[in-house]
Amino acid sequence: MSPGNYKIPFHTTNWEEVPATNHPGESGYSTWRTHEINGLRIRMVEYSKNYAADHWCEKGHLLFVLQGELNTELSTGEKFTLTEGMSYQVSDHRSSHRSSTERGAKLIIVDGTFLADQ
């Protein structure tokens, strides 16, 4: 599917009904509830207290912090702290990044082919 060619019918999601999967980090863990439709992935993600990612991510995301505080580090050494109501946006392969949190965080993360590096 080419970027920008999404045909998504109206759909509601009760996130409590979406099965959860656990993903260990370097420390702590993340819990994902994932909904995929037509090349678009939408996730409700919760990071445990003292979570630290075990990898650098090259994938593009639209990320919105619902609760808590998220620390994001770029491979360039830049660091950002996002709190409730903040977001970041990045396309695929535009910035290696990794996340951590001391007190936990709840996020909505959207990604898909529309973020592919053209």
Side-chain angles (χ1 to χ4, degrees):
M1 178 175 291
S2 65
N5 190 18
Y6 290 89
K7 295 185 181 180
I8 300 169
F10 180 83
H11 181 84
T12 63
T13 303
N14 180 341
W15 290 101
E16 292 300 316
E17 294 177 358
V18 176
T21 57
N22 289 317
H23 305 265
E26 185 176 286
S27 63
Y29 62 91
S30 63
T31 302
W32 300 5
R33 295 178 186 274
T34 305
H35 179 68
E36 294 188 62
I37 183 169
N38 295 340
L40 186 68
R41 180 172 71 164
I42 306 163
R43 293 178 287 159
M44 174 83 66
V45 175
E46 293 188 55
Y47 289 140
S48 69
K49 290 181 181 179
N50 299 311
Y51 171 81
D54 63 355
H55 67 283
W56 288 94
C57 183
E58 292 282 333
K59 185 106 177 99
H61 310 289
L62 306 179
L63 180 146
F64 184 81
V65 179
L66 298 171
Q67 295 174 350
E69 184 175 278
L70 179 71
N71 300 308
T72 300
E73 179 183 8
L74 306 184
S75 60
T76 60
E78 292 175 279
K79 295 180 181 182
F80 302 89
T81 299
L82 287 80
T83 56
E84 187 173 314
M86 294 180 72
S87 66
Y88 76 69
Q89 302 72 228
V90 64
S91 291
D92 288 355
H93 310 291
R94 293 292 176 163
S95 177
S96 293
H97 52 278
R98 64 180 172 186
S99 297
S100 64
T101 181
E102 292 178 14
R103 57 186 182 115
K106 186 174 188 177
L107 319 166
I108 288 285
I109 304 174
V110 179
D111 46 43
T113 57
F114 71 100
L115 291 169
D117 193 10
Q118 299 298 309

Next item on the list: Given side-chain contact (heavy atoms from CB on, under 4.5 Å), test V65 with T83 step by step and report yes or no.
Entry: CA-CA 6 Å; V65 179; T83 56; 5.9 Å; no
Check: In terms of hydrophobic clusters joined by side-chain contacts under 4.5 Å, are M44 and L62 together?
Finding: yes
Check: Are W56 and V90 in one and the same hydrophobic cluster, where Ile, Leu, Val, Met, Phe, Trp and Tyr link if side-chain heavy atoms are under 4.5 Å apart?
Finding: no
Next item on the list: Could you tell me whether the side chain of S48 and the main chain of Y29 form a donor-acceptor pair under 3.5 Å?
Entry: yes
Item checked: Side-chain heavy atoms of E84 within contact of K106, under 4.5 Å -> no
Note to self: Surrounding CD of E102 (heavy atoms of other residues, nucleotides or ligands, distance under 6.0 Å), is the total greater than 12?
What the structure shows: no
Margin query: Just checking H97 against Y88, ring centres under 6.0 Å apart?
Written below: yes
Next item on the list: May I ask whether L66 and Y47 are part of the same hydrophobic cluster, defined by side-chain heavy atoms of I, L, V, M, F, W, Y residues being less than 4.5 angstrom apart, directly or through others?
Entry: no
Item checked: Where S95 and L74 come nearest, the two heavy atoms and their spacing -> OG-CD2, 3.2 Å
Note to self: Nearest 0.5 angstrom please: T34 OG1 to R41 CZ, how far?
What the structure shows: 6.5 Å
Checklist line | T72 side chain reached by L63 side chain, heavy atoms, under 4.5 Å | finding: no
Checklist line | Shortest non-hydrogen contact between A52 and S100, atoms and distance | finding: CA-CB, 4.0 Å
Notebook entry, point to check: At what distance, to the nearest 0.5 angstrom, does CD of E26 lie from CZ of R98?
Noted result: 7.0 Å
Notebook entry, point to check: Sub-3.5 Å donor-acceptor pair from the side chain of T101 to the main-chain atoms of E69, do we have one?
Noted result: yes
Next item on the list: Please assess R33 against E16 for the test side-chain contact (heavy atoms from CB on, under 4.5 Å), listing each intermediate value before the final yes or no.
Entry: CA-CA 8 Å; R33 295 178 186 274; E16 292 300 316; 4.2 Å; yes
Note to self: By the definition side-chain contact (heavy atoms from CB on, under 4.5 Å), identify the one residue from D111, I108, V18, L107 that meets it with R43.
What the structure shows: D111
Check: Of all heavy-atom pairs between P9 and I37, which one has the smallest distance, and what is that distance?
Finding: CD-CD1, 4.0 Å
Margin query: Rounded at 0.5 Å granularity, tell me how far OG in S99 sits from NE2 in H55.
Written below: 8.5 Å
Notebook entry, point to check: Does a donor on one side chain sit under 3.5 Å from an acceptor on the other, for Q89 and S87?
Noted result: yes
Next item on the list: Check the hydrophobic clustering (I, L, V, M, F, W, Y; side-chain heavy atoms under 4.5 Å; chains of links allowed) and say if F64 and W15 are grouped together.
Entry: yes
Note to self: If you count heavy atoms of other groups shown closer than 6.0 angstrom to NZ of K59, is the number above 12?
What the structure shows: yes
Checklist line | Spacing of NE2 belonging to H61 relative to CG belonging to D92, to within rounding of 0.5 Å | finding: 8.0 Å
Next item on the list: Give the cluster check for L70 versus W32: same hydrophobic cluster or not, with ILVMFWY residues linked at side-chain heavy-atom distances below 4.5 Å.
Entry: yes
